[in-house]
Amino acid sequence: MLLELERECLEVYRRKVEEAANAKARLHQSVAAKEAEVATLMAALGELNLHSPIQKEKKMAPLKEKLASISPLLEDLRTKKEERRKQFADIKNQIEKISGEISGYNYPNDTMISCLTLEDQDLSLRRLTEFQTRLQTLQKEKSDRLHKVLEYVNEVHLLCGVLGLDFAQTVSDVHPSLQRANQEQSTNISNGTFEGLEQTINKLKTERRIRMQKLKDIAGQLFELWNLMDSPQAEKNVFSRATSILRLSEPEVTEPGVLSTEMIEQASAEVERLTKLKAGRMKELVLKRRSELEDICRMTHIKPDASTSVEKSNALIDSGLVDPSELLANIEAQITKVKDEALSRKDIMDRIDRWLLACEEENWLEDYNQDENRYNAGRGAHINLKRAEKARITVTKIPAIVDNLINRTLAWEEEKRALFLYDGERLVSILEDYKLTRKQREEEKKRCRDQKKIQDLLLTEREAIYGSKPSPRKSNSFRKTNGYRANGNGSMTPSTPRRNSVGGATPELLTPRSYLGRQNGYFKEMRRLSTAPINFVAISKEDTVSTYTSVCDSELGSPPHS
C-alpha cells in the first residue's frame with residue numbers, strides 16, 4: 001500500500017512538475033512574444049530606447065511580474081500605433097486628394113504614398129513629419145494654383161463682359177468645376193485647366209483686338225460723316241460709348257458690352273445710314289468744303305485752285321462726269337495742302353502784318369501832321385503827341401522792314417523752289433513796286449517843299465513892293481481826305497481814284513492790296529488782311545501842287561518842274 005501510495009504521489013508530483021514546466025514555458029513564450037511585439041512596435045514608432053531601462057530593472061523578476069509589467073506597455077504601444085496609423089491615413093488621404101486635384105485626378109506617382117501602401121514598417125515621428133511637410137507643400141501649391149485660377153477666371157469674366165459673351169458657358173467649356181453655380185465639385189486646378197484658361201484668354205484678347213480695331217474704324221467714319229453732315233450733338237451722344245474707345249488702349253477698355261456684336265452692328269448701321277444720306281447731300285458738302293477752302297485761302301492770301309471752283313464743281317456734279325466723293329476728296333487734299341503751306345508762310349506773313357501796321361501808322365502820322373489844331377490843349381492831345389512820336393520811330397523802320405521782308409521771301413523761295421505769291425502776285429514784285437513808289441513819293445514831297453519855299457519867297461517880295469495884304473484863303477487841298485477810309489464794317493474802301501503810273505506827278509504808295517486792286521481787281525472789296533483794321537493810305541499832293549502852281553502863275557508865272 002505504501003509503495004502504491006508512493007508511486008501515485010510520484011506520478012502526481014511528476015504531473016504537477018510537468019504542468020508547472022509547461023506553464024513556465026507558456027509564460028516564457030508569452031513574455032517573449034510580447035517583448036518581441038513591443039520591440040516591433042517601438043521600432044515602427046521610432047521609440048527604440050523606451051523599453052531598455054525596464055528590461056534592466058526587471059531582468060531577474062518573476063515571469064508573472066514581467067508579464068504583468070509588459071502588458072500595459074504593449075497596450076499603450078498598440079493604442080499609439082493605431083493613433084499613428086490614423087494620422088498617417090489622414091495625411092495620406094489629403095495628399096492623395098490634393099495630388100489628384102493638381103494632376104487632374106490621375107494616379108499620382110508619389111513614392112511617399114507608395115510606402116504607406118506597404119506594411120506598416122515606419123510609423124515614426126520623423127516619417128510623420130516628412131509627410132506633414134509634403135502635405136504643407138501641396139497645400140501651398142494648391143493655394144497658389146487656386147489664386148492663379150481665380151485671376152484667370154476674373155480676367156475671363158472681364159473679357160466676356162467687354163465682348164458681351166456668356167461667361168458661364170465660356171468657363172464651362174474649359175472645365176465644369178470653374179462655374180460658380182457648381183458648388184458640389186471642387187475647383188479643378190490641374191495643368192490642363194491652366195492651359196485651357198490661358199488659351200481662352202488669348203482667344204478672347206485676340207477677339208477683343210479685332211473688334212476694337214473694327215469699332216475704331218467705324219468710329220472714325222462716324223466722326224468724319226458727322227463733321228460732313230453737321231450732325232447734332234444729341235445724335236452723336238447715342239454712340240458716345242462706341243466713340244469713347246478711340247482715346248483708349250486695349251487694357252483700358254473695361255466697360256461691359258462696349259465691344260459686343262450688337263454695339264458694332266449698331267455703329268455699322270449708323271455709318272450706312274449716314275453714307276446714304278451723304279450721297280444725297282454730296283453736292284452741298286462739296287460746295288461747303290470749297291467755301292471753307294476759299295475762306296482759308298483768303299485768310300492766308302493763297303490763291304485757291306481754280307479746278308474745283310464753285311462753277312466748275314457744280315458743272316462737273318450736274319454732268320455726272322466726276323464722282324462727288326472724288327471731288328470732295330480732292331478738295332480735302334487741297335485744304336490740307338493749303339494749311340501746310342500756310343504753316344510754312346507764317347513767319348513771312350507775320351512780317352507782312354508788321355509792315356502793313358507800320359504803313360498804317362505812317363498814314364495816320366501824315367493826317368496828324370496836316371491837322372492845324374494838333375497842338376491845341378484839347379482832350380486827348382497828349383495821347384496823340386505820344387502816338388505821333390512812336391509813329392515817327394516806326395516810319396523810320398519801314399525801309400529796313402521791307403528789305404528784311406524781301407530777303408526772307410527770297411530765302412523762302414530758294415528753299416521751297418517756288419514763288420511766294422500773295423493773292424496770286426509775287427510778293428517780291430509787290431515790295432519792289434512799293435519801294436519804287438515810296439521813292440517817287442519822297443521825291444514828290446521834296447518838290448512840293450521846294451515849291452513852297454519859292455512861293456513864300458515870292459509872297460515876301462510882293463509884300464515888300466506893294467505892301468501887305470490879306471493872305472489868300474487857305475486851300476482845302478491841304479486837308480484832302482486819304483485814299484482809303486474804313487467803312488462801317490471795318491473793311492477798306494477807296495474814297496478817290498488814284499493814278500498809279502510810274503511817271504505820274506503823284507504816284508500812289510502801293511501796298512499788297514492797292515497793288516493787287518490795280519492789277520486784277522481781286523481785292524475790289526478790300527478785305528482785311530488780319531484781325532486788326534489796316535488803312536492803306538497814300539497821301540496825294542496833287543491839289544497842294546496845283547495850289548502852289550496857281551499862286552505862282554498869278555504873280556510871276558509858274559516855275560519850271562524839275
Side-chain angles (χ1 to χ4, degrees), residues 210-240 242-247 263-346 349 412-413 415-426 520 522-523 527:
I210 295 173
R211 291 191 185 185
M212 189 169 180
Q213 185 60 44
K214 185 176 181 180
L215 191 57
K216 279 187 175 181
D217 295 339
I218 295 174
Q221 297 177 11
L222 280 177
F223 275 114
E224 181 180 354
L225 291 170
W226 284 338
N227 293 332
L228 290 175
M229 307 298 292
D230 288 332
S231 300
Q233 188 62 37
E235 186 176 332
K236 298 178 183 178
N237 291 337
V238 176
F239 296 92
S240 59
T243 57
S244 64
I245 67 169
L246 289 176
R247 58 180 180 272
M263 178 67 70
I264 296 177
E265 290 173 358
Q266 291 176 5
S268 300
E270 180 67 11
V271 170
E272 293 178 2
R273 184 185 73 83
L274 292 176
T275 302
K276 293 178 181 178
L277 185 61
K278 185 187 77 171
R281 297 178 55 189
M282 186 56 69
K283 182 176 181 180
E284 179 183 349
L285 294 174
V286 169
L287 298 180
K288 177 183 176 183
R289 297 301 286 172
R290 173 63 190 187
S291 176
E292 293 179 5
L293 174 62
E294 291 178 354
D295 291 339
I296 296 174
C297 289
R298 182 167 56 253
M299 293 174 60
T300 56
H301 297 276
I302 300 174
K303 192 173 182 179
D305 190 353
S307 63
T308 58
S309 63
V310 175
E311 295 78 9
K312 291 185 179 180
S313 298
N314 284 330
L316 290 173
I317 294 175
D318 294 338
S319 64
L321 298 176
V322 178
D323 185 4
S325 299
E326 296 179 0
L327 188 58
L328 184 62
N330 187 13
I331 295 176
E332 293 288 350
Q334 292 177 12
I335 291 175
T336 303
K337 181 180 178 181
V338 168
K339 288 182 178 179
D340 294 340
E341 185 175 352
L343 186 62
S344 67
R345 293 159 54 103
K346 185 177 183 303
M349 294 301 297
W412 185 92
E413 291 179 345
E415 178 185 356
K416 302 295 183 180
R417 298 184 181 276
L419 298 179
F420 190 100
L421 301 181
Y422 189 93
D423 291 328
E425 296 292 334
R426 189 184 180 193
N520 54 20
Y522 183 77
F523 281 97
R527 298 184 180 94

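Count residues from 1 along the sequence.
- A distance of 9.0 Å separates CG in L327 from CG in L287, rounded to the nearest 0.5 Å.
- Side-chain atoms of S344 and E415, non-hydrogen and from C-beta on, never get closer than 4.5 Å to each other.
- Nearest heavy atoms, F223 versus L246: CE1-CD1, 3.1 Å.
- Between atom CG of residue L328 and atom OG1 of residue T308 there is a gap of 10.5 Å, rounded to the nearest 0.5 Å.
- In this structure, R298 does not pair ionically with E294, as no charged nitrogen and carboxylate oxygen lie closer than 4.0 Å.
- Between Q266 atom CD and I264 atom CD1 the span is 10.5 Å, to the nearest 0.5 Å.
- Between K337 atom NZ and I296 atom CD1 the span is 14.0 Å, to the nearest 0.5 Å.
- For E413, the side-chain hydrogen bond (donor to acceptor under 3.5 Å, both in side chains) partners two or more places apart in sequence, or in a different chain, are R426.
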Distance-only criterion, 3.5 Å: show the donor-acceptor pairs between side-chain atoms of residues 233-240 and protein atoms not counting sequence neighbours.
residue: Q233; atom: NE2; partner: N237; partner atom: OD1; Å: 3.0
residue: E235; atom: OE2; partner: R273; partner atom: NH2; Å: 2.6
residue: N237; atom: ND2; partner: Q233; partner atom: O; Å: 3.3
residue: S240; atom: OG; partner: N237; partner atom: O; Å: 3.0

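- For the residue pair Q213 / D217, a side-chain donor-acceptor distance below 3.5 Å is found, with atom types taken as modelled.
- The nearest pair of heavy atoms linking K312 to A306 is CD-O, 3.3 Å.
- Without hydrogens or angle criteria, R345 side chain to L421 main chain gives a donor-acceptor distance under 3.5 Å.
- How far CG of L293 is from CD of E332: 9.5 Å, rounded to the nearest 0.5 Å.
- In this structure, R290 and Q334 have side chains that are in contact, with non-hydrogen atoms separated by less than 4.5 Å.
- Put simply, CE on M349 and CZ on F420 are 6.0 Å apart, with the number rounded to the nearest 0.5 Å.
- Partners of R211 according to the side-chain hydrogen bond (donor to acceptor under 3.5 Å, both in side chains) rule, which considers only residues two or more places apart in sequence or in another chain, are E207.
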inquiry  = Working note: E326 + N330, criterion side chain to side chain donor-acceptor pair (under 3.5 Å); need CA distance, chi angles, decisive distance, verdict.
reply    = CA-CA 6 Å; E326 296 179 0; N330 187 13; over 6 Å; no
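- For the pair M212 and K216, the minimum side-chain heavy-atom distance is below 4.5 Å.
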